[in-house]
Amino acid sequence: MTVDDRYRRAAQAAGVGIWDMNLLTGDIYVDPMLKQLLGYEDHEIRNHIDDWGRFVHPDDTATVFARVQAHIAGETPLYEVEHRMIHRDGSIRWFLARGSVTRDADGVAIALTGTDTDITARKRDEVVRAAQQHVLGMIAAGSALGDVLDSLVRMVEQQSDGMLCSVVMLDDSRSRVRHCAAPSLPADYVRAIDGLTIGPKHGSCGTSMFLGTPVIVTDILTDPLWEDYREVAQQAGFRACWSMPIGSPELRPIGSFAMYYADPRSPSDAELQLIESAADIARIAIEHQRAHEALRHSEARNRAMLRAIPDWMFLTTVDGVFLDYHGRDTDGLYLPPAAFLGRNVIDVLPPPIGEMLMQAFVRVNASDEPEQLDYVMGAEDAERFYEANIVRCDGDKILSIVKDVTDRRRAELGTEAQRRQLAHLSRVATLGELTGALAHELSQPLTAVRSNAQAARHLLNRTPLDIAEMRAALDDVIRNSQRAGGVIDRLRALLRKESAAFQLVDINDVVRDVIDLANSEILSRRIRLDSRLSPVLPAVEGDRVQLQQVLLNLVLNACDAMSGAELNQRQLVLATNASDHFVQLAVSDSGPGIPEHQLEQVFEPFVTFRDKGLGLGLAISRSIVSDHGGSIRAENNEGRGATFRCLLPVAPAAG
Amino acid sequence: MTIDRGLRLAIVDDDDGARAGVARLLRCMGHQVHSFESAEAFEGAEVSVDCVIVDVRLPGVSGLELRDRLRERGNAVPIVFITGDSAVKSRDTGRFGAATTVVKPFDDETLFAAIACAIWGADGDGERA
C-alpha cells in the first residue's frame, strides 16, 4: 500500500475527506467520499466551488464565507468551521471543515486546502443534549409547556431541511388528539386534525398513540392508515409522516411527536434516532410540567390548609424546647417568637399549662397517639380558650397544633345553659308540674268518691238502715267519678292555654332545635341519628315551643324504645316533607315496634308500657297537634321499629 | 281521754265534692260535723270543736295561715291538714312546726287516726310561742 493509499484508507475510515480549492479559479477537488456522504456520485457534482458551495446550508454560507475570508486575510491560523450540508434527500449533514491557506512567493493566497469531517452524529447528539438542556431550562424557569414544546419542535426542524414537526397530545379523556406545538404546520391542517379520535387506522399519530408503537408512513397517498385523512394531508402538502409516541412503555402514550415531509420518504437511522430523542425530550418536558403543577397544587393546598385550620403550629423537642413555629399571624401569641424559641415550655408558659403540656408531650412521645388538650390563658375578663392537638413528629419531636376556640366555647356554654333550661322546662312541664296539678285536681273527686263509699259502708252497720243517706252517698260517688273524668279535659285545656302563641314556624327549624336539645341524650345512648329534612318546606302556623315539646316527646320516646336494642342497631330517623296541604314530620326508631292493637291506644292518657312516666306525653302531643289542625298517628315500620307521623297543615299564603 | 262519744268536728275545704264526702263519712262514723268552704267562714262562725280538718290549699286564707292565726289568738284547737299534694307533708309548714297531714284521697281509718293523734298531741301544741 502506498502512503497515499494509507492516508486515503485512514481518512475514509475516520469520515474525513480531502478538498483542495484553487482560490484563483474556484476549481475545487472534493474527495468523492464527501460527495457520497451527501448522496451523490462523484460525477454528479462539478468540482467547482459554485457547485459544491450550493450544498452548504443557506443559513451557514455567510458564516463559512466569513471564516474563509478571515483565514485568508491572516486573522486566523487555521480555517475551521462547523457547517451544515444538505443531503440529496433534503436531510442535513454536519461537516467540520478545516484547512489552511497556501500562498505564493508574494504572499497572495492561491489555494485553500483541508478536510471535511462528517460530524453529523456528534452534532446530532450535541443538538439533542442542547435541546434537552434548553428545554429543561425553560421548564425550570417556569415556561409554559406550549412554549417549551414549540422550542423543541423548532430545534428538531433545524436538523433536516424541509421537515416539519409537531407535538400532539391526548386530551383528558385519552381519546382525542390536540396539537400542542405545531409552529410550522399549516393552520388549516392543525384545525382539521384537532379533536379527532385515535385508533388503529387513524393516520400516523392517531395510530401510534393508539398502538403505543412508532408508525412510519412513507407515502400518505398509498398507505391505508391515512385513508380517511388523505385529503387533509394533501391540502397541507404532506407526503410522508413519521410518528413516535410520547410516554413510558408501560403506560398508554400521552401524545406523539410527528415529522412531516413534502415528498414520500422513509427515515434514515439518523432520523429515527432523532425522532426518538425528540419524543423522549417531549416526554421529559410534559412529565416535568405535570410534576411541577402537582407540586404547585399541593403547595397551594398546604398553604390553604395552614391558613384555614390551625392558628399556630409549634414544633418542640420531646423535652419541651421550642424549635419552630408557624402562625397565621403573630397577634395573639402569648410571647413574641424571639422570647420563646429555644426556650422550654415550662419556662415560657404559665405553670399549670406548661406542666400539663409537658406531661402530654411525654405521653404522646411514648404512645405515638395524638392527644387533645384544652386550656385557658389570659386575664379574668380577657380569657381565651385554646385547643391543642399534639402529635409526635419526625420521631423525636412534638408538633402542637393550636386553635383559639374562644368563640366556639362561649357559644357552647351559652347553648349549654339554654339547653339545660329548655330540658328543665320540658321535663318539668311534662312530669313535675303536671303531676302536681294532676294529683291535686284528681284528689278532690277521688276523696269524695272514697269518703262517700266508706260512709255508705258504715251506714250498712246501722240498724235500722238509713237507705236515704246511703242512696245520697252512692249518688255522690257516681257524680264525683264523672268529675274525675272531667279533670283530664280541664287539665289539657290548662296546658294548652299556657303558651299558645301562633306564628309562622319552619318545622325544619323545630327539628334542628330539638336535635340540639336531645343531642347529648342521643349520643350517650349511642343512637345513630339520620335527619332527612326536605330542603323546601312550607311554613306552618303554630306555637314553636309547643311543637318542640311534641317532637322532643317523640324523640325521647323513640330513644327509650331502643334502649333494649343492640348498640349498632340503634337508629333514629327524623324526616320532614310536604305535600300540597300538609307538612309531615316523621320520627322513626329501630326498636321493637308497637303491638297492632296498641297503635291507637298509646295516645290515650295514662297509657304507658314503660315503668316510668305518667303516660301523658303522647296524649298531650296529640292534643297539641290537633290544636294545630293536624293529626298524629303511629305505625310499625316494614323493617324494625315504629314511626310516629305528625301532619300539620301548611300555613295559608300571606296576603 | 277516750273517744267513745261522737266528736265535734269541722271540715274546711273549698271543693264541694270532697267537703260533702268527708262530712258524710265522719257523720256516718258517729261524729258531729260542721262544714265550711273557706277559712274565713270558719273563723266567722266561731264554733267550738274538738278538731278542725282543713285543706292546706284554700282560696284566700290558706289552711296553714288559719292555724297560725288561731294559735296567735291563743286557740289551741287540734288541727288536721288534708292535701292533694304529697310533697306538702315533708315541707316546713309554718312557724308552729310540723303538723298532722293526711294526703287525699284517704281511708276513713287514716283520717280518724290523724284526728286522734292531733287531739292527743294537743297538749304540747299550743304552748309554742
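Below, chains carry the letters A, B, ... as their sequence lines are ordered, and counting in each starts from 1. No experiment lies behind these values; they were computed from the predicted model shown.
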Find the N and O donor-acceptor pairs between chain A and chain B that sit under 3.5 Å apart.
from, atom 1, to, atom 2, distance (Å)
A:His440, NE2, B:Arg57, NH2, 3.2
A:Gln444, OE1, B:Lys104, NZ, 2.2
A:Arg450, NH1, B:Asp107, OD1, 2.9
A:Asn452, OD1, B:Arg24, NH1, 2.7
A:Gln454, OE1, B:Asp108, N, 2.8
A:Gln454, NE2, B:Asp107, OD1, 3.1
A:His458, NE2, B:Asp108, OD2, 2.8
A:Arg462, NH2, B:Arg27, O, 3.2
A:Glu469, OE2, B:Arg24, NE, 3.1
A:Asp476, OD2, B:Arg24, NH1, 2.7
A:Arg483, NH1, B:Asp15, OD1, 2.9
A:Arg483, NH2, B:Asp15, OD1, 3.1
A:Arg483, NH2, B:Asp15, OD2, 2.5

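Considering all non-hydrogen atoms of both residues, A:Val477 and A:Ala453 come closest at CG2-N, 3.7 Å. The heavy-atom pair separating B:Gly17 from A:Ala448 by the smallest distance is O-CB, 3.2 Å.
For the pair B:Leu66 and B:Leu58, the minimum side-chain heavy-atom distance is 4.5 Å or more.
Atom-to-atom distance recorded for A:Leu554:CG and A:Cys559:SG is 11.0 Å, nearest 0.5 angstrom. Interatomic distance, CG of A:Asn553 versus CD of A:Gln549, reported as 8.5 Å (0.5 Å rounding). Separation of atoms CD1 (A:Ile515) and CG (A:Leu529) is listed at 5.0 Å; rounding is to 0.5 Å.
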